[in-house]
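Heads up, the thing below is written out as structure tokens.
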Amino acid sequence: METKNENEVVLCAASEYEQKFYFNQSFSHIPEEVKEQLQIICVLFTEDIGGIILFAFDEEGNLQIRTEAKDSDYNYDEIGAALEVKEIQRQRRDMLHGLELYYRAVFLHEPLDLEPWQLE
């Protein structure tokens, strides 16, 4: 899967076609549990839906989840893929938000406003 923007940074991806999972080693410092969760999400997605799934950060540090399939893949369920991505975003909202905060702090060197996260 090609990135749509050359400034995009891929976190991880999985392909049903190649039966492979890719994890960008630039993110090796995130907790193992998060890495494992990303791998499980990606592999299960490609087993259930098919095609390719990609997690990538855009220029502003937003984590995007994209899917695609080969034109010849008639088993790929485009509607199911969109629904599954929405479900991942809903169920893993906190983890995905944490990854965005990590990316913005470590890679974009942005000051983080953690005000809503602080306990009173």
Side-chain angles (χ1 to χ4, degrees):
M1 173 181 259
E2 293 182 21
T3 60
K4 294 190 179 209
N5 182 333
E6 60 190 41
N7 294 327
E8 190 173 66
V9 176
V10 174
L11 170 62
C12 61
S15 169
E16 191 263 336
Y17 309 117
E18 297 178 23
Q19 300 288 306
K20 289 186 180 179
F21 172 75
Y22 165 78
F23 183 81
N24 185 340
Q25 289 305 307
S26 297
F27 295 93
S28 63
H29 290 95
I30 65 173
E32 280 302 315
E33 182 179 312
V34 174
K35 293 180 206 175
E36 290 170 6
Q37 288 299 311
L38 288 167
Q39 183 172 7
I40 290 167
I41 290 166
C42 288
V43 170
L44 288 178
F45 179 92
T46 58
E47 286 179 359
D48 292 344
I49 305 295
I52 298 168
I53 186 168
L54 178 125
F55 287 69
F57 294 97
D58 64 18
E59 293 175 345
E60 290 81 36
N62 299 307
L63 184 57
Q64 309 293 318
I65 303 173
R66 291 199 315 273
T67 68
E68 69 178 44
K70 294 180 179 179
D71 291 337
S72 61
D73 186 353
Y74 299 109
N75 292 323
Y76 177 75
D77 180 2
E78 194 169 331
I79 295 170
L83 292 172
E84 187 63 25
V85 167
K86 293 271 190 226
E87 188 65 14
I88 291 167
Q89 291 169 327
R90 187 185 66 75
Q91 287 183 346
R92 305 294 184 165
R93 184 184 73 217
D94 290 341
M95 181 184 78
L96 299 174
H97 181 69
L99 287 166
E100 287 179 339
L101 289 174
Y102 174 83
Y103 183 79
R104 288 178 177 143
V106 174
F107 290 85
L108 300 180
H109 306 290
E110 290 181 4
L112 297 179
D113 178 15
L114 300 177
E115 198 69 31
W117 293 85
Q118 294 175 348
L119 298 175
E120 294 180 16

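Just so you know, these numbers use all the heavy atoms, side chains as well, and skip hydrogens, waters and symmetry mates.
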Q: For Arg104 and Asn62, run side-chain contact (heavy atoms from CB on, under 4.5 Å): C-alpha distance rounded to whole Å, both residues' side-chain angles, the deciding distance at 0.1 Å, then the answer.
A: CA-CA 9 Å; Arg104 288 178 177 143; Asn62 299 307; 2.6 Å; yes
Q. Residues two or more places apart in sequence or in another chain: which of them pass side chain to side chain contact (heavy atoms under 4.5 Å, CB included) with Phe107?
A. Ser26, Phe27, Tyr102, Tyr103
**Q.** Within 6.0 angstrom of Glu33 CD, more than 12 heavy atoms from elsewhere
**A.** no
Q: List the atom of Glu110, the atom of Glu60, and the distance in Å for their closest heavy-atom pair.
A: OE2-O, 4.3 Å
Q: Go through Leu54 and Glu68 one step at a time and tell me if the side-chain contact (heavy atoms from CB on, under 4.5 Å) criterion holds.
A: CA-CA 9 Å; Leu54 178 125; Glu68 69 178 44; over 6 Å; no
Q | Minimal non-hydrogen separation, Phe57 against Leu11, with atom names | A | CE1-CB, 3.9 Å
Q: Could you pull out all residues at least two apart from Gln25 that satisfy side chain to side chain contact (heavy atoms under 4.5 Å, CB included)?
A: Phe23, Ser28
(Q) So which atom in Ala81 and which in Tyr76 form the shortest heavy-atom distance, rounded to 0.1 Å? (A) CB-OH, 3.3 Å
**Q.** Residue list, side-chain hydrogen bond (donor to acceptor under 3.5 Å, both in side chains) with Asp77, at least two apart or on another chain
**A.** none
Q.
Between Glu100 (side chain only) and Leu63 (backbone N and O only), is there a donor and an acceptor less than 3.5 Å apart?
A. yes
Q. Residues in side-chain hydrogen bond (donor to acceptor under 3.5 Å, both in side chains) with Glu32, at least two apart?
A. Lys35
Q | Glu16 CD to Ile53 CD1 distance, which is reported to the nearest 0.5 Å | A | 13.0 Å
**Q.** Main-chain N/O of Val10 paired to Asn24 side chain as donor or acceptor, under 3.5 Å
**A.** yes
Q | For Gln91, all residues meeting side-chain hydrogen bond (donor to acceptor under 3.5 Å, both in side chains), sequence neighbours excluded | A | Glu87
(Q) Once rounded to the nearest 0.5 Å, what's the spacing between atom CZ of Phe55 and atom CD of Gln64? (A) 11.5 Å
Q) For Glu18, what residues pass the side chain to side chain contact (heavy atoms under 4.5 Å, CB included) criterion, not counting sequence neighbours? A) Ser15, Lys20
Q.
To the closest 0.5 Å, what do you measure between CG (Leu99) and SG (Cys12)?
A. 8.5 Å
**Q.** Residues forming a side-chain hydrogen bond (donor to acceptor under 3.5 Å, both in side chains) with Glu78, sequence neighbours excluded
**A.** none
Please table the atom pairs, donor to acceptor, closer than 3.5 Å between any side-chain atom in residues 39-49 and protein atoms at least two apart or in another chain.
unit_1	atom_1	unit_2	atom_2	d
Thr46	OG1	Cys42	O	3.3
Thr46	OG1	Val43	O	3.0

**Q.** Value rounded to 0.5 Å, distance of CD in Gln37 from CZ in Arg92
**A.** 4.5 Å
